[in-house]
Each structure stands twice: as structure tokens, then as C-alpha cells.
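Please read the structure below before turning to the comments.
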Number of protein chains: 2
Amino acid sequence: MADMEATARARAEAMTDGSGPDKGKRGGKRTYHHGDLRNALIVAATDLARDGGPEAVVLRAAARRVGVSPTAAYRHFAGQAELLHAVKELGQQRLTESMEAAGASLSAREPGPDGAEERVRALGRGYLAFARAEPGLYRVAFCRDEFSMEKLDGVIDPGEEDSWGFRSFGILVQALDALVEHGRMTERRRAGAELTAWATVHGLATMFLDGPLSQLTSEEIDAVAERAFDTLIAGFTTP
Amino acid sequence: MADMEATARARAEAMTDGSGPDKGKRGGKRTYHHGDLRNALIVAATDLARDGGPEAVVLRAAARRVGVSPTAAYRHFAGQAELLHAVKELGQQRLTESMEAAGASLSAREPGPDGAEERVRALGRGYLAFARAEPGLYRVAFCRDEFSMEKLDGVIDPGEEDSWGFRSFGILVQALDALVEHGRMTERRRAGAELTAWATVHGLATMFLDGPLSQLTSEEIDAVAERAFDTLIAGFTTP
DNA sequence: CAGGGAATGTTAATAGTGTCAACATCGGGC
DNA sequence: GCCCGATGTTGACACTATTAACATTCCCTG
């Protein structure tokens with residue numbers, strides 16, 4: 001109790017001592033209410049996730065960082081699982097952005113069949129780039145999560161997919177469709193191709209992060225990934 | 001303390017009450033020492049892992065099942081991480097056996113190039129069969145594990161690979177080498193092919209277990225997997 | 001422009017976990 | 001025969017999640 005977490009009052013006072021800009025809603029005001037606790041907790045939990053992965057997303061630790069009592073989080077999350085889920089969705093969003101960025105870097109350029117092929121590769125590169133740049137977040141983005149489980153259990157037909165995970169999947173779908181449109185892939189091969197492609201990059205990322213490939217240099221990883229993309233696309237373009 | 005875990009004495013007495021055959025070393029003897037506690041703990045932890053995955057491998061729960069005090073485990077394991085690692089190796093062994101079984105079911109038959117190709121498929125089927133039959137164990141077999149991390153960090157050159165994970169990998173390597181020997185795969189494609197194949201099945205398993213494919217029927221899963229194998233092998237056999 | 005209810009935060013307490021230190025008991029080798 | 005090491009137990013500490021009860025503040029209604 002003596003060296004307990006900083007109370008809200010202590011936090012609010014710390015805000016005014018010039019240590020940094022006020023993060024509360026109104027400038028410098030020592031507020032009992034935080035004002036944006038939900039987001040603050042997600043940010044703190046994300047930082048925890050960055051180094052340490054899913055098991056580092058600890059509710060009390062996040063609350064401690066924000067300078068709030070542990071149970072305050074329960075006013076904004078049903079429990080630790082929901083906090084973890086929020087971080088997970090944030091991670092999926094970042095992953096999607098990484099893929100989009102890699103795809104956009106060559107969009108419009110080379111509009112032909114080779115361009116479509118190169119776009120698939122670019123998406124894979126963007127995926128792996130994020131996994132390497134943010135291993136902790138990546139691990140959270142794909143960690144087992146009871147909220148997603150429940151969601152999939154209950155709703156058999158997910159009409160509107162809010163989650164960013166499906167958006168990144170959609171990007172891949174479009175890229176593969178383009179492959180078909182440009183005659184680089186037959187309709188038959190197209191069936192289930194998203195899964196094959198996704199499985200490939202996901203499996204590669206896993207092996208890079210905590211598998212047998214975890215001590216390869218960046219160049220070696222790139223080389224291995226490109227070879228994998230080669231055979232993947234070779235399989236796609238085979239009638 | 002009242003409803004504490006069963007003491008060793010209680011366990012030993014339970015052994016003699018006809019509930020089952022004596023698991024201790026000598027028949028019926030109420031022994032203070034367990035006699036085979038390490039294995040018993042691994043078995044208990046494996047049962048926990050079967051339903052619940054890595055996060056269910058709880059040291060105290062395993063000790064409770066064996067009927068032993070929580071700290072007794074520390075005479076046989078450095079800590080929970082080492083217990084988890086033991087279960088992980090057991091899981092990898094089972095996975096290897098599943099792959100070997102699937103491969104052996106058609107070994108020697110059809111020795112030609114088609115047989116080599118079919119063997120690669122069989123290994124993939126054996127892999128996925130295990131993942132579906134033992135999802136919890138599978139998840140443990142590939143969970144992040146600080147022991148493996150340390151091992152990879154320290155020893156840069158792993159001369160002798162004790163782990164079963166490398167054995168299953170070796171099976172795949174042989175199958176791919178056979179593909180080359182029978183002229184179904186060029187040397188160029190061979191480079192890094194293990195990783196591509198491994199990534200594919202691992203990614204598929206992940207999506208089946210806790211990904212977007214978790215509610216497919218067995219038939220649908222098989223169909224998706226076979227299509228993935230098709231394009232994978234198409235990629236391998238492309239010059 | 002009150003005042004009261006809802007939102008938000010705090011303390012206290014329970015239950016479960018990993019881990020260490022100190023103590024108890026068995027069993028095999030001198 | 002006995003003693004020392006291997007093995008198991010108790011007790012304790014530091015974490016964690018979570019709930020219940022209490023406190024404060026915001027803001028909306030009368």
C-alpha cells in the first residue's frame with residue numbers, strides 16, 4: 001500500500017509539473033476523471049505488447065502506466081481479454097496499413113500482368129515487413145482471442161466484417177482477382193488461393209519470429225521470402 | 001489449508017483403495033516419494049495442454065492432478081517454463097509420428113515420381129491431421145518458448161539437434177530431395193523449399209484452429225488443404 | 001441554477017498463479 | 001548402522017484477474 005500505484009490525484013499533479021504536455025482533456029487541470037482512459041489504456045497496453053507480445057498485455061500494468069487504479073479499467077473493458085482484443089485489432093490495422101503501403105508503392109505503375117504479379121509480391125513483403133518491424137504487435141494481432149472465438153461461434157454468416165483482419169484479407173483477394181483478370185491465373189487455381197497465400201506469409205513470419213529461422217540476417221530472410229514468393233506465384237500461374 | 005491439495009500421504013492411500021492400478025514404483029506401497037514424479041507431471045501437464053493449449057499448462061494444476069504439493073515440481077523442473085517445454089517436445093514428437101504414419105501408409109508403393117509427389121502430400125495431410133486431432137497439443141508444440149529461444153540464441157551452430165521438431169523437418173527434407181531425384185523439381189526450386197512447404201501447412205493449421213477457417217467442416221477443410229497442396233506442388237514442379 | 005442520477009474512479013478483498021526459503025522424510029551408499 | 005543427498009512439504013511473497021462497496025465528478029433535467 002505504501003508504494004502503491006500513483007493515485008489519480010498524483011497523476012493529475014504530475015501533469016502540471018512540466019514533465020510533459022497535459023494528456024488530459026483540459027490543460028493542466030487536475031482531474032479526478034481521466035477523460036480518455038479507454039484510449040490511454042489501449043495505448044499503454046500496445047506499448048506493453050510491443051515488447052513482450054500477448055502475454056505482456058497485463059491489465060494492471062497498463063493501468064499502472066496510465067497512472068490509474070487497476071480496477072478503473074473495468075469501466076471501459078469487460079476484462080483483460082477485451083483489452084487484449086483491442087490491442088489485437090490495432091495490430092491488425094497496422095498490418096493492413098503496412099500491406100497497403102507496400103502495395104501502393106507500385107500501384108498504377110506497370111498496370112499489366114507483370115504489375116499484378118508484382119503487387120501480390122508487394123503485399124507479401126508488406127506483411128513480412130510489419131511482422132519484422134513490430135514482432136510483439138504482430139504476435140498479438142494473431143494471438144488466440146476468446147472474443148474472436150465467440151464472434152465466430154455465434155455468427156455463422158458474418159455479413160459486415162468490422163475487423164481489420166478481413167480488410168487485409170480483402171486486399172489480398174483483390175490482388176489475386178487481378179491476377180486472374182490479367183490471365184496469369186486460371187479460375188480453377190483461384191479457388192482458395194487467398195488461403196494458400198495467407199498461409200505462406202503467415203508461416204514465414206512465424207518461422208522468422210519464433211521458429212527455426214529466428215537468427216537469420218535481414219538479407220537472408222529477404223532471400224528466403226522471395227524464393228517462397230517465387231514458388232507460390234509459380235504455383236498460381238500454373239494452369 | 002482445509003481443502004488443500006491432496007497430500008502425498010492421501011495420494012498414496014488413494015492408490016490402495018482399488019480406484020485403479022498403482023502408478024507408483026512398487027505396488028500399493030504408500031510412499032512419501034512419488035518415484036516417477038517428473039513423468040507424472042509431464043503427463044498431467046499434457047492433459048492440461050490437450051484442452052486449453054499453452055496457457056493451460058499451469059504448474060500448480062499439474063501438481064494438483066498428480067496429488068503432490070506445488071513446489072515438488074521444482075525438484076524436477078527449473079520452473080513452469082521448463083515443464084511447458086517438456087510438453088512442447090512431446091507434442092512435436094506426436095506431430096512427427098503423425099507425419100511418419102501418413103507417409104508410411106504409402107511408402108514403397110508407387111516408387112516413381114508420382115509416388116514422391118504423393119509422399120509430400122501425405123506428409124502435409126499427416127501434419128494437418130495432427131493439428132486437427134490434437135489442437136491443444138499442436139498449439140503447445142509451436143508456442144513461443146523461452147527455452148528454445150535461449151537455445152537458439154546461445155548455440156549458433158546446432159550440430160546435433162535433439163529436438164523432434166528438427167526430425168519432422170528432416171522427414172520433409174527427404175521427401176523434397178526425392179522430388180528432385182525423380183526429376184519433379186529443379187535444383188533451383190529446391191532451395192528453401194522446406195520453408196515454403198512448412199509455412200504452408202503451418203499457416204493452414206493456424207487458420208483452421210484459431211483463424212477465419214475455424215468453423216469449416218472436415219470435408220471443407222480437406223478440400224481447402226488439397227487445393228493448397230495442388231498449387232504448392234505446382235510451384236515446386238515448375239522449372 | 002440547483003440537485004440528483006449516471007459515469008467514472010478508488011479502496012478492499014478473494015482467488016489463483018509462479019517462485020523461493022526452510023523444514024521433513026525417505027533411501028541408498030559409506 | 002547410519003548419515004547425507006534426493007525428494008516432497010509447508011509457509012511466505014509478489015504478482016495477476018476480478019468483484020463488491022464506496023467516492024467523486026459530470027451533466028442533464030426540473
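Chain identifiers are assigned alphabetically (A, B, ...) following the order of the sequence lines, protein sequences preceding nucleic acid strands; residue numbering begins at 1 within each chain.
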Compute whether any side-chain donor of one residue and acceptor of the other, for B/E97 and B/Q93, lie under 3.5 angstrom apart. yes
B/D36 CG to D/dA6 C1', in whole Å, measures 15 Å
Which listed nucleotide (D/dA17, C/dT10, C/dG18) is nearest to the side chain of A/V68? C/dT10
Length of the line joining A/R38:CZ and C/dT8:P, which is rounded to integer Å: 11 Å
d(CD, B/E82; P, C/dG18) in whole Å: 14 Å
Once you round it to whole Å, what is the distance between P of C/dT17 and CG of A/L59? 19 Å
Which one, D/dT19, C/dT17, C/dA22, comes nearest to the side chain of A/Y74? D/dT19
B/R64 has a side chain; which of D/dC22, C/dT17, D/dT18 sits nearest to it? C/dT17
Taking only residues two or more places apart in sequence, or in another chain, which ones meet B/V201 in a side chain to side chain contact (heavy atoms under 4.5 Å, CB included)? B/Y127, B/F229
Please figure out whether B/R75 or B/Q80 has its closest DNA chain C nucleotide nearer the 5' end. B/Q80
Is there, by distance only and without an angle test, a donor paired with an acceptor across the side chain of B/R60 and the base of C/dG18 below 3.5 Å? yes
With a 3.5 Å cut-off and just heavy-atom distances, do the side chain of A/T71 and the base of C/dT11 make a donor-acceptor pair? yes
Tell me whether the OP1 or OP2 atom of C/dG9 has a side-chain N or O from A/H76 closer than 4.0 Å. yes
Looking at A/L123 and A/M99, what are the two nearest heavy atoms and their distance? CD2-O, 3.5 Å
Once the angle between the rings of A/H202 and B/H202 is folded into 0 to 90°, is it parallel (under 30°), tilted (30 to 60°) or perpendicular (over 60°)? parallel
Just how far, in rounded Å, is C1' of D/dA17 from CD of B/E55? 15 Å
Qualifying residue for side chain to side chain contact (heavy atoms under 4.5 Å, CB included) with B/T46, from B/L137, B/V140, B/V57: B/L137
Counting heavy atoms from C-beta on, name the nucleotide in D/dA17, D/dG8, D/dA20 closest to the side chain of B/L37. D/dG8
Tell me which of A/A61 and B/A72 sits closer to the 5' end of DNA chain D, going by the nucleotide each one is nearest to. B/A72
Taking the minimum atom-to-atom distance to the side chain of A/S69, which one of D/dA17, C/dT10, D/dT9 wins? C/dT10
note: A/E146, atom CD; D/dT18, atom C1'; distance rounded to Å ~ 13 Å
